[in-house]
Enquirer: 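Supplied in C-alpha cells, the structure appears directly below.
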Amino acid sequence: MQATAPQSFGPHWMGRQRLGEPGEVYTFYSYKGGTGRSMGLVNCAGLIAQQLPSGAKPLLLIDFDLEAPGLHRYLAPCLEGYVSEQQQGVLELFEALSQEVDVLLARRGLQALDDESTAALVMDFDLSPFKLPVRLPAQVAGTAPKGSVAQELIVAGRFDHDYDARLHRFDWPRLYARAPALFRAFSARLASEHSLVFVDSRTGLSDTSGISTMLLPDVLVVVFTPNSQSLTGIEHLVRKAVDYRAKSADLRPLRVYPLASRVDNQVEHFRQVWRMGDPAHPLFGVVPGYQPLFASVFSSTLAHQVKDDVLLPRLGEYFDQVQVPHAADYAFGERLCFAQQSSSDSLSIRGAYELFLPWIVTGAQPWERPVERLNDLRAALWLRDTGVAAGPASEEGWPAWFDRAARVSATADLGDLPIMSITPDRRFDMTLAQSLALAHVGDFGPARTALDTAAMAYGDESAPSLAPRAPTALLKLLQGDPPPGEAKADAAAWLEGLDKLMGRWQPLKRERRLWLEALLPLAAEWGMPELCWRAAVELEGEGSESALEAQLAAAQARERAGDMAGALALAEALAKAQHPGTGEPVRLARDMLTRLRSQVHGSQVRPLPSINECDCTAWIGFSPVDEDVEEWVAQFNGELERGLRTRLRGVRLPPTAAGDLAERLSRQLARSFSFILIVGHHRDDKGCRQKIQVLFQMYGHAVWERLYILALSQEAMQRVFAWLLADHAVDGASVRPFFSPHRPNEPMPIFTAPGIISAEFDEPFTRLREDLERSIRASLAVPPTAQVVPASPSAPELMSAPITIHVGANINVAGDFDTATATNIQNSFNKASAADVNDHLKAQLQALTAQIAELAKTLPPDEAERVSKDLEMLTSEAVSTKPRKAWFELSGQGLIESAMSVREMAGPVAAAVKAVLAHLPD
C-alpha cells in the first residue's frame, strides 16, 4: 500500500471527532519568525472546521505569542465588535488564575496546590470573557460550506498602554511553582470543551514558548523554512519537549510533526539540498538537511522502537507529501486559503495543507501512513454503529443484536477495507462480531473465515470491547436448528474454532462454565462427540456420567472413521472407569476392547524388530538433574557391555559387521531391542516420561514386554507407574520393575563408592545381561519371558504424593498440592513480583496469592487447580498495560464464591480481591 493519503481532504478523515473522542491541543511553533506559522495555524483550523461533523464542538484558536501577537490581525475581518484596548486575552486570563491560586494558597496556608485542587480551580474558572467568536466572511455572506463548525479566539491580551509592562511583570515560573498542574489542567479543560484547540506559540526559547510547546499540547507542529536560521534550535526544542513529557506527571503522549514551509518549488536542486543535506555545498557550506535531522530526532526519542528500514522510507513518504510551497500572492497581507474559490490542487497552498492534515487529525505519526489509521477509525465507527460493545438489556434482545450486526455488515461500505491494517483489538471485535452474525443466519463458511481472522488477532495483551456474552447467547439461539448436510463440516469446524478461542478469551471459572453449559447440548445435537466429551469432562469431571457417555460416543465415532488406535485409547481408559450410574458406557467399552485390540495390534503396531533391523534402541534413560545417577548409569552401561562381550565371544556375527570383535560387539549391543529406563530421586524427570511416550508411539503396547525399569527409590517407581496409568492405561504388572533381591519391596541402594557397583544389583544385572544375551544370540523377533517381581502399590496411592511449594522470596506456603496447582500459584506470585507496577498493587497481589494458596489446601484437587488457574489469569490481567477493572471485578467474584465453601476463608479472600481492585485504574 504505497499511497499515504487520498488527494482530497474531506469529512471521512474526521473519524475521531465522529467517534466523540476528546479534543486535542495543537501547538504551532517555529524557532524563527517569518516561517508562515500563524498563516498555517489559521488556515489549517479553517480547513478542519469545514469538514467536522455537524453538531461538533467549536474550534478554539489561542494567541500565545504574547511578545509579537498577530492572530487578531490575521482574523481582523472576522472579529465583529473587537476593540483591542478592551478585549481581555491570554495575559489577563493567567493574571486572574494567578490571583485565584494566591487566594486559595493563603486560605489553606500552603506553598503549592495539589493536582486535584488545581483541576477544580481551573474547571470552575469562567472563560467566557476571554473568548471572541470568529465569523469568517463566507459565514457572514451565508456561503460557508454546510456544516462548518464555529470558531473562537482568545487574543494575546488587552492591548492598552500598560500591556508591555504587565507582560514583563508577570512571573510565569512563580505561577508554575505554586500550581504545577495548572497548565495541564487548563489544557484538559480546553480539550473537553472544544473539538480542537490551536495554540500559536512564541518563537525562540522563552517561558511562554516552553508553556505552549511542553505543557499545553497533545500535538506539536514545528514550522520551519529550509535555511539555517530557521532550523537552528528546532532539534534542541523538540528533544527538550519530548524529554519533559516523558519525565513529567502528564500521561499524554506528545506527537511531533515537522512542517516545511515557504518551499520554493521552482528550484529543484536547492530544494533537494536543504531537504537531504550536503556536507560541503559550494554555495551553502554544511547543510544538515531537515529530513535527516528529524530522522535522527525521531529515531532516538518518539520512534526509538521503529527500525530504520521502516522509519527512513516512511519519513521520506511524509516529506514527499508535506511541503508548503512559497506563493508570491500570499506574501502580501493575511490571506485565508479555505474560501470556496481557492485552488485545491497539490501545488497550491490549500492543497499542501490538505495533504498535511490527515496526519494530525487521525493521530498517525510522521513515520506512519494516515490511511492505515483511517482504516482503523472506519472499523471503530462500524463497531459503534453495530453497537457490539454492549449486549442487549435482556436475553430476548439477542436475536435483534445479531440481526443488527448482520445488517450493518451488509450495508457498510467496507469492501475496500484491508482488515489486517487495523489494530488487533478492533480487528478481533469486528471479525468476531461478523462471524457470530454470519453463523446466526447459517452462513458458516464465511463465519469460519472471519473467526480465523479473529483468532489470529487475539493475544495476551488484548482488551476487546465486544460484548463477552455474545458467543454464549448465540449458542443458545442455534439449539434446535442443526445445520443442513452441506453445511455440517463448516459448522463443526466453526464451533471447534470458537471453543478454542473462548478458552483463550474467557478462561476463568464463571465465564467458562456458562460457555460450556451452552456448548455441551449444541455439540451433542450437531453430532460432535469429541467436542461433547471434552466439554463434559471440563464441566463435570472425568468420572461424571455425562462425561463417560460422551467418551463412549467419541470412541465409537473414531472407530467409524477408521481411527482404530484412537478409539482403542479412549475405550481402554473408559473400561477402567468407575461409572456412577448404570455402568452401560463402561460395559460397552469393554466389549469394544477385544475387537479393537486385534485390529490395532494386528495391523497398525509395528512388531519389535530383529537385531539387524534395529538402530540404537538399547536406551538407558535417567533424570539428568541427579548427578549421582548420571555417574552410576555410565558405570552400569560399561559393566553391562563388558559382561556381554565376555559371554558372547563365540557368537557368529552378521557378515556385514566389520572391524575387530570388540567394535562389532559394541555395534551389536547398540542394535539390541530391550529398553532400560533408570529413574532417579529428583522430581524433575520429564525426560524419562517423554522417552516412554516415544517408545509407545513407535511400538504400541508391545513395548511393555521389552521395558526394564530400574528405580532408585520407591517414590521414583511410584511416579513411573502413575505415568503409565495416566498416559497409556498400562497396568504396572506389565513392566519389569527391579528391586533388591534381599529386600523385595524396598528401594535399591545406590552405589557405595564411585566406580563400584553395589552387590545389591547382582541379580537384576545378571538377569538383564542374560536376557540381552539370548536376544542377541537368537536375533529374536518376539519378546523373551522374564520373571515378574511382586506387585507395586496401586495407582491411586501413587498419585497422592504431596508436593510442597515455596512461593517467592517474601511468602512461604507449604501444603499438599498437585503439580498444576503449585505451578499456577508459583506463576502468580512470580508475575506479581516481576511486574512493572506500583508497589502497593504488587503487595496486594502477593497478599491475594497467599490467601488463594491457603484456600487451595482446603479444596478438592480439581477445584484447587481451577482456583489457582483463575488466580494466575487475574494476576496477568492486573499487571497488564491496560487492566480491565470491570472484567477483573466480575472474574474475581469467582474466587470469592469458591472461598465461600470454606467459611473462614471467604472474608480474607474477598478483602484481598477488593484491595487489588482499589489499585486498578477505572
Side-chain angles (χ1 to χ4, degrees), residues 391-399 401-402 432-433 435-436 439-440 444 447 451 454-455 458 464 466-483 491-554 557 579-581 585 859-870 873-874 886-887 889-901:
S394 65
E395 293 298 312
E396 291 74 18
W398 281 111
W401 189 92
F402 290 115
L432 184 54
S435 178
L436 298 177
H440 182 242
F444 289 103
L451 179 65
Y458 190 81
L466 181 71
R469 294 181 296 141
T472 303
L474 177 60
L475 262 57
K476 294 178 180 179
L477 293 176
L478 292 176
Q479 292 175 20
D481 186 20
W494 173 82
L495 190 57
E496 286 269 9
L498 186 58
D499 180 51
K500 291 178 182 177
L501 179 58
M502 292 295 289
R504 296 163 56 204
W505 180 26
Q506 299 181 30
L508 296 185
K509 179 181 175 182
R510 170 183 287 187
E511 300 165 333
R512 187 66 179 161
R513 185 170 188 84
L514 292 173
W515 166 255
L516 291 171
E517 287 174 347
L519 175 66
L520 187 56
L522 187 65
E525 181 181 320
W526 285 12
M528 301 175 64
E530 296 276 350
L531 181 58
C532 192
W533 168 46
R534 293 198 302 270
V537 169
E538 188 176 351
L539 184 62
E540 301 180 14
E542 291 187 5
S544 66
E545 185 170 358
S546 60
L548 293 176
E549 290 173 350
Q551 186 174 354
L552 175 63
H579 197 284
L859 296 174
D862 289 347
E863 180 69 12
E865 182 179 348
R866 282 195 291 270
V867 168
S868 66
K869 186 62 178 176
D870 286 0
M873 295 299 299
L874 285 166
W887 181 89
E889 184 174 12
L890 176 65
S891 303
Q893 190 63 34
L895 291 181
I896 298 173
E897 290 176 0
S898 296
M900 292 177 67
S901 62

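Values below: every heavy atom of this structure, side chains too, minus hydrogens, waters and symmetry copies.
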Enquirer: Nearest 0.5 Å, what's the CG-CH2 distance between Leu477 and Trp401?
Expert: 11.0 Å
Enquirer: Treating Gln506 as the side-chain partner and Pro468 as the backbone partner, does any N or O pair qualify as donor plus acceptor under 3.5 Å?
Expert: yes
Enquirer: Heavy-atom distance under 4.5 Å between the side chains of Glu511 and Trp505, does that happen here?
Expert: no
Enquirer: Provide the closest heavy-atom pair for Trp526 versus Asp481 in the form atom of the first, atom of the second, distance.
Expert: NE1-O, 4.5 Å
Enquirer: Hey, what do you get for OH (Tyr458) to CG (Leu432), rounding to the nearest 0.5 Å?
Expert: 11.0 Å
Enquirer: Is there side-chain contact between Leu519 and Leu498, with at least one heavy-atom pair below 4.5 Å?
Expert: no
Enquirer: Under a 4.5 Å cut-off applied to non-hydrogen side-chain atoms, are Leu495 and Phe444 in contact?
Expert: no
Enquirer: Can you name the closest pair of heavy atoms from Ala518 and Gln479 and give their distance?
Expert: O-NE2, 3.4 Å
Enquirer: What are the two closest heavy atoms between Met528 and Ala492, and how far apart are they?
Expert: CE-O, 3.3 Å
Enquirer: Looking only at heavy atoms, what is the nearest atom pair of Leu501 and Ala455, with distance?
Expert: CD1-CA, 4.0 Å
Enquirer: Distance from Leu520 atom CG to Trp515 atom CH2, nearest 0.5 Å?
Expert: 12.0 Å
Enquirer: Measure the CG-NE2 distance between Leu478 and His440 for me, rounded to the nearest 0.5 Å.
Expert: 7.0 Å
Enquirer: Between Glu525 and Gly480, which heavy-atom pair has the shortest distance, and what is it?
Expert: OE2-N, 2.8 Å
Enquirer: Roughly how far, to the nearest 0.5 Å, is the CZ atom of Arg512 from the OG1 atom of Thr472?
Expert: 9.5 Å
Enquirer: Compare every heavy atom of Ser435 with every heavy atom of Ala447, then report the nearest pair and how far apart it is.
Expert: O-OG, 2.8 Å
Enquirer: Tell me whether Lys500 is salt-bridged to Glu496, with the criterion being a basic N under 4.0 Å from an acidic carboxylate O.
Expert: no
Enquirer: Are Phe402 and Leu436 close enough that some pair of their side-chain heavy atoms sits under 4.5 Å apart?
Expert: yes
Enquirer: Atom CG in Leu475, atom CD in Glu517: separation rounded to 0.5 Å?
Expert: 12.5 Å
